[in-house]
Amino acid sequence: MSGPGQYFLDSSEGITKPEDLPKPRILHRSRNFHKRPCNTCGKSCFRNRLVTRILHDVGDLVSGRPRDIHLVYSQHQCTRCRRFFNADTSDYALPKAHYTHRVVSLAVRLVVEDGLPYQTASWHLCRDHRVFVPYATLQNWVEAGGEKGDPSD
């Protein structure tokens, strides 16, 4: 008869200094394009520069390490409308966000569906999923959940 499973010790248990925590596993992703069409006029625009963005993702449970995505994307300039625009990175995260869509949806699910308080959900994400999200950020995500996609407006 098989048992409930094997218990593995938490590698970060008892660590009191942040510099002693395991280093994140870094994944490199790219949205670097030589040319992109302008969002306004449709003219094909050359790349102006490259930008790197760091996103925190759900951690690697096998190795027990957090996971960061270093996303390199291109910024383009339209010579016709004189506008700057970035390559689309919305498949990873919202603009100017520090966390991926997976982290946001997991955090909101913990609070809304499972009914965990914000601080407990923040602790759960840090302990079990290796991603640190301040509980005030969780509160902002949950409270903004009904406002952005509300079709009744």
Side-chain angles (χ1 to χ4, degrees), residues 4-39 45-78 83-151 153:
Q6 186 176 2
Y7 175 74
F8 293 104
L9 291 175
D10 185 5
S11 61
S12 62
E13 188 174 356
I15 293 177
T16 57
K17 295 186 287 187
E19 56 268 8
D20 292 339
L21 288 171
K23 299 294 181 216
R25 181 171 176 239
I26 297 173
L27 301 173
H28 297 279
R29 298 291 182 256
S30 176
R31 293 291 182 266
N32 180 13
F33 301 104
H34 184 64
K35 286 177 141 182
R36 296 300 291 170
C38 177
N39 299 334
C45 305
F46 284 101
R47 177 179 58 224
N48 185 39
R49 67 182 183 136
L50 291 177
V51 183
T52 301
R53 180 176 172 193
I54 299 174
L55 298 171
H56 305 293
D57 195 15
V58 176
D60 184 11
L61 298 179
V62 175
S63 67
R65 293 169 54 189
R67 184 181 303 168
D68 285 346
I69 297 174
H70 287 207
L71 181 61
V72 176
Y73 61 94
S74 54
Q75 185 183 61
H76 303 267
Q77 181 182 10
C78 181
R83 291 191 155 189
F84 289 90
F85 61 94
N86 297 326
D88 185 28
T89 60
S90 61
D91 55 339
Y92 281 104
L94 292 173
K96 300 182 182 179
H98 295 281
Y99 299 95
T100 61
H101 291 302
R102 292 192 321 168
V103 173
V104 174
S105 63
L106 177 63
V108 171
R109 185 188 60 79
L110 285 172
V111 174
V112 174
E113 291 180 8
D114 296 348
L116 293 178
Y118 297 122
Q119 284 183 311
T120 308
S122 175
W123 173 248
H124 175 78
L125 287 169
C126 189
R127 184 192 61 200
D128 293 343
H129 300 285
R130 300 292 186 217
V131 59
F132 174 71
V133 180
Y135 67 89
T137 304
L138 286 174
Q139 183 177 3
N140 291 339
W141 289 343
V142 171
E143 290 176 357
E147 296 174 6
K148 291 191 177 184
D150 193 11
D153 289 340

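Residues: numbered from 1 along the sequence shown.
- Taking the six-membered ring wherever Trp is involved, the centroid distance between the rings of H76 and F84 does not fall below 6.0 Å.
- With hydrogens and angles disregarded, a donor-acceptor distance shorter than 3.5 Å links the side chain of S122 to the backbone of V133.
- Y99 places a side-chain N or O within 3.5 Å of a backbone atom of F132 that can act as its donor or acceptor partner.
- Atom NE2 of H98 has 12 or fewer heavy atoms from other residues, nucleotides or ligands within 6.0 Å.
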Worksheet item: Passes side-chain contact (heavy atoms from CB on, under 4.5 Å), V142 versus Y118? Steps please.
Response: CA-CA 9 Å; V142 171; Y118 297 122; 4.0 Å; yes
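- Side-chain contact check for R31 versus L71: some heavy-atom pair is nearer than 4.5 Å.
- Between L125 and L138, the closest side-chain pair of non-hydrogen atoms falls below 4.5 Å.
- When all heavy atoms of K96 and R53 are compared, the closest pair comes out as N-NH2, 3.7 Å.
- Taking all atoms of both residues into account, the shortest heavy-atom contact from P22 to P66 is O-CD, 3.8 Å.
- I69 CD1 to R25 CZ: the interatomic distance, rounded to the nearest 0.5 Å, is 10.5 Å.
- Going from atom NE2 of H129 over to atom CG of L106 covers 4.5 Å, rounded to the nearest 0.5 Å.
- More than 12 heavy-atom neighbours from other residues, nucleotides or ligands sit within 6.0 angstrom of CZ on F85.
- Within the 4.5 Å cutoff, the side chain of H56 has no heavy atoms near those of the V103 side chain.
- No option in I26, D60, V58 other than D60 meets the side chain to side chain contact (heavy atoms under 4.5 Å, CB included) test with R67.
- At least one donor-acceptor pair under 3.5 Å links the side chain of D88 to the backbone N or O of S90.
- Separating the CZ atom in R47 from the CG atom in N32 is a distance of 4.5 Å, to the nearest 0.5 Å.
- Side-chain contact check for S74 and R36: no donor-acceptor pair (N or O, by modelled atom type) lies under 3.5 Å.
- Proximity of V131 to D57: side-chain heavy atoms (C-beta onward) are nowhere separated by under 4.5 Å.
- Using a 4.5 Å cut-off on side-chain heavy atoms (C-beta onward), L94 and H101 make contact.
- To the nearest 0.5 angstrom, Q77 atom CD is 12.5 Å from F46 atom CZ.
- Note that the CG atom of N86 and the CG atom of N48 stand 10.0 Å from one another [nearest 0.5 Å].
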